[in-house]
Student: 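The structure that follows is given in the form of structure tokens.
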Amino acid sequence: AQSVTQPDIHITVSEGASLELRCNYSYGATPYLFWYVQSPGQGLQLLLKYFSGDTLVQGIKGFEAEFKRSQSSFNLRKPSVHWSDAAEYFCAVVPFGAGGSYIPTFGRGTSLIVHP
Amino acid sequence: EAGVTQFPSHSVIEKGQTVTLRCDPISGHDNLYWYRRVMGKEIKFLLHFVKESKQDESGMPNNRFLAERTGGTYSTLKVQPAELEDSGVYFCASSSGQYNEQFFGPGTRLTVL
């Protein structure tokens, strides 16, 4: 079975600083990979996804993520954080070609705190 | 167009009581999913409806949980009787197809005292 590790429970950055949130997965093949964000009082919103092709994917709100097969990682990055980015971020994987349901496995989430 | 809505947003009940959570998916979405996040843990899958049928209920923790989707529109998740370990945030999601993007609701925060 697949699993997802987000090693950082909390991350604190200053507004304007760069950001990288880590995600490592365990799966026997290349999965579909996702990043979601949950702002207070909101549902999970899809930031970006990787299925195949270019390993650097662009998402909404200025986020990007890079798939590194050799490291089984899919880290999320943003060059300059805004106060509105304070939220909880979830990495998720879906097994590719498993023939089963398209159900994501989520990491524990990383809570981003942004200081002015 | 309205997104996925969930009611209530918060619920506080005592151990042994019954609680019913409701999810209204995006109109026209046949696929509806329930997930749960216990404090500090991963978001975990509970079950998946296609229209009114349960496609996959492998994540349901035990028989105190009952999910229904009569008529293939909104869904309810009943917990009876509630236990302390049932506390958490219950998310609902819907999608137009099984392999399409899932859209999530804001969740219901359940606290069992």
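All of these numbers come straight from a predicted model, not from anything done at the bench. Note: hydrogens, waters and symmetry copies are ignored here, and every other heavy atom, side chains too, is used. So you know, we letter chains A, B, ... as the sequences are listed, proteins then strands, and number each from 1.
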Student: Is A/Gln6 in contact with chain B via its backbone, its side chain, both, or neither, using a 4.5 Å heavy-atom distance?
Tutor: neither

Student: Can a salt bridge be assigned to the pair A/Glu88 and B/Arg37 using a cut-off of 4.0 Å between side-chain N and carboxylate O?
Tutor: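 Looking at B/Arg37 together with A/Glu88, the answer is yes, because their closest N to O distance falls below 4.0 Å.
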
Student: A quick test of your reading: do over 12 heavy atoms of other residues, nucleotides or ligands sit less than 6.0 Å from CD1 of A/Ile9?
Tutor: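 Count not over threshold, so no.
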
Student: Pick one of side chain, backbone, both or neither for A/Phe90, based on which atoms fall under 4.5 Å of a heavy atom in chain B.
Tutor: side chain

Student: Does the distance from a Lys or Arg side-chain N to an Asp or Glu carboxylate O, for A/Lys61 and A/Asp85, drop under 4.0 Å?
Tutor: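 No salt bridge links A/Lys61 with A/Asp85.
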
Student: Is it the side chain or the backbone of B/Asn100 that comes within 4.5 Å of chain A heavy atoms, both, or neither?
Tutor: backbone

Student: Heavy atoms only, distances under 4.5 angstrom: which of B/Gly59, B/Ala93, B/Gly105 has the most pairs with chain A? Name it, please.
Tutor: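 Highest number of heavy-atom pairs under 4.5 Å: B/Gly105.
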
Student: What residue in A/Ser39, A/Ala92, A/Pro104 has the most heavy-atom pairs under 4.5 Å with chain B?
Tutor: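 Of A/Ser39, A/Ala92, A/Pro104, A/Pro104 has the most heavy-atom pairs under 4.5 Å with chain B.
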
Student: Counting only non-hydrogen atoms closer than 4.5 Å, does B/Tyr33 touch chain A with its backbone (N, CA, C, O), its side chain (CB onward), both, or neither?
Tutor: side chain

Student: Under a 4.0 Å N-O cut-off, is there an ion pair linking B/Glu42 with A/Arg108?
Tutor: yes

Student: Is the shortest distance from a Lys or Arg side-chain nitrogen in A/Arg77 or A/Glu66 to a carboxylate oxygen in the other one below 4.0 Å?
Tutor: yes

